[in-house]
Amino acid sequence: MNHLAIDTSTSRPLASYLIDDRVVFDWQGPSGTFHGEELLAGIDTHVKSLGLNLADLSFISVGIGPGTFTGLRIGVVMAKFLADVRGVPMAPVPSLHAQALSALGQKVAGKVWSLTDAKRREVYALSLSADELHPAAIFAPERTMAISPEKFAGMLAPEDLLLGEGAENYASHWPPFAQLAPAPFRYLQARNIGLIGLEIAKRGGLLDAALVDAIYLKTEKF
């Protein structure tokens, strides 16, 4: 199955094209506020240069957050538009789950904490155990939380591993024993959105575009 994966839940727009579980391209755009323009340009450039055709898509995977409202909405709306135009279903993928998969290959004795910056001095957080670090893992939505860095710091154990922009941006709040994943394994990759989307497709979880929506968590301050 040919499928496109999109995410705009972080500071950078991301896209990947997969044929089953084989990654054809995995693109990361520049950091900034122009996710919409950059995402379209990035997809168009790679599709054309590799001789791909979006008409061949079987479905589209999209990161549904949580993330900042405006940035996240851009990716979800764009994915829904492409799915509607192509007449294909969608796989809604929790972005923090996909980000946690970046830790694959790392030695993890405790929890893997996947964090993104919720702004307003808060983070969105999801913890996974080492045996949940695979694309087919299923977990309850309420395991994702919005929390202040100060409160989150009190939940950490020395064996835990932290990933994501939220872990990096608020590193000064973490206790001395806190472990951040090495930079190559710290950030969300679109390919992992696609690999989780493929597992969703395999278990019959694809949805019509009209039924897909982002995860908008209420923070402690708003």
Side-chain angles (χ1 to χ4, degrees), residues 7-14 28-35 62-76 92-133 137-190 192-193 196 213-222:
D7 188 279
T8 57
S9 66
T10 67
S11 67
R12 298 177 183 272
L14 307 171
Q28 174 182 276
S31 178
T33 57
F34 299 100
H35 282 12
V62 62
I64 57 172
T68 58
F69 180 86
T70 302
L72 180 59
R73 183 171 174 79
I74 288 171
V76 173
V93 177
S95 300
L96 291 179
H97 177 196
Q99 181 171 265
L101 296 188
S102 297
L104 285 170
Q106 299 294 295
K107 292 183 178 179
V108 182
K111 296 178 180 178
V112 172
W113 286 98
S114 181
L115 307 177
T116 194
D117 193 341
K119 306 302 181 183
R120 306 189 183 100
R121 296 188 61 78
E122 292 188 318
V123 294
Y124 295 125
L126 171 70
S127 69
L128 280 75
S129 61
D131 60 3
E132 290 179 307
L133 285 180
I138 301 175
F139 48 87
E142 54 266 26
R143 283 176 58 179
T144 303
M145 68 183 80
I147 189 171
S148 70
E150 293 80 8
K151 288 184 179 180
F152 175 74
M155 302 171 65
L156 289 174
E159 300 83 9
D160 294 349
L161 185 68
L162 283 69
L163 291 86
E165 292 178 348
E168 187 174 78
N169 294 350
Y170 295 97
S172 62
H173 292 74
W174 313 146
F177 60 74
Q179 302 180 60
L180 269 68
F185 305 96
R186 191 180 300 169
Y187 308 109
L188 176 62
Q189 296 175 310
N192 290 331
I193 296 287
I196 295 174
D213 203 358
I215 298 173
Y216 297 116
L217 289 184
K218 184 178 180 180
T219 64
E220 293 181 335
K221 295 179 182 178
F222 293 91

_Please determine whether side chain to side chain contact (heavy atoms under 4.5 Å, CB included) holds for the pair Phe152 and Glu122, giving the CA-CA distance in whole Å, both sets of side-chain angles, and the decisive distance to 0.1 Å._
CA-CA 9 Å; Phe152 175 74; Glu122 292 188 318; over 6 Å; no
*Can a donor-acceptor pair be found between the side chains of Ser102 and Gln99 at a distance below 3.5 Å?*
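Result is no, nothing qualifies.
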[X]: side chain to side chain contact (heavy atoms under 4.5 Å, CB included) partners, not counting sequence neighbours:
X: Ala190; answer: Leu14, Ser16, Asp26
X: Ala103; answer: Val112, Leu133, Leu161, Leu163
X: Pro66; answer: Leu96, Tyr124, Thr144, Ile215, Leu217

Might you point out which heavy atoms bring [X] and [Y] nearest each other, and give the distance in Å?
X: Val76; Y: Ile64; answer: CG2-CA, 4.4 Å
X: Arg121; Y: Tyr170; answer: CA-OH, 3.3 Å
X: Leu72; Y: Ser9; answer: CD1-CB, 3.9 Å
X: Asp7; Y: Ser95; answer: OD2-OG, 2.6 Å
X: Val93; Y: Ala98; answer: CG1-CB, 4.4 Å

Look only at the side chain of [X] and the backbone of [Y], and say whether a donor-acceptor pair between them is shorter than 3.5 Å.
X: Trp174; Y: Pro149; result: no
X: Thr8; Y: Gly71; result: yes
X: Thr10; Y: Arg12; result: yes

_side-chain hydrogen bond (donor to acceptor under 3.5 Å, both in side chains) for His97 and Arg143? Distances and angles first, verdict last._
CA-CA 11 Å; His97 177 196; Arg143 283 176 58 179; over 6 Å; no
*Rounded to the nearest 0.5 Å, how far apart are OG of Ser114 and CG of Leu101?*
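Ser114 atom OG to Leu101 atom CG measures 9.0 Å (nearest 0.5 Å).
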*Carboxylate-amine/guanidinium contact Lys111 Glu132, below 4.0 Å*: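 Salt bridge flag = no for Glu132 with Lys111.
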*asked:* So, using ring-ring contact (aromatic ring centres under 6.0 Å, His included) as the criterion, who are the partners of Phe185 when residues are at least two apart?
replied: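 ring-ring contact (aromatic ring centres under 6.0 Å, His included) list for Phe185, sorted by chain: empty.
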Residues 175-182, side-chain donor-acceptor partners within the protein, below 3.5 Å, at least two apart:
residue	atom	partner	partner atom	Å
Gln179	NE2	Pro158	O	2.7

*asked:* Taking side chain to side chain donor-acceptor pair (under 3.5 Å) as the cut-off, I'd like each qualifying pair that reaches into residues 152-168, sequence neighbours left out, listed once.
replied: Ser11-Glu165, Trp113-Asp160, Glu168-Arg186, Glu168-Tyr187
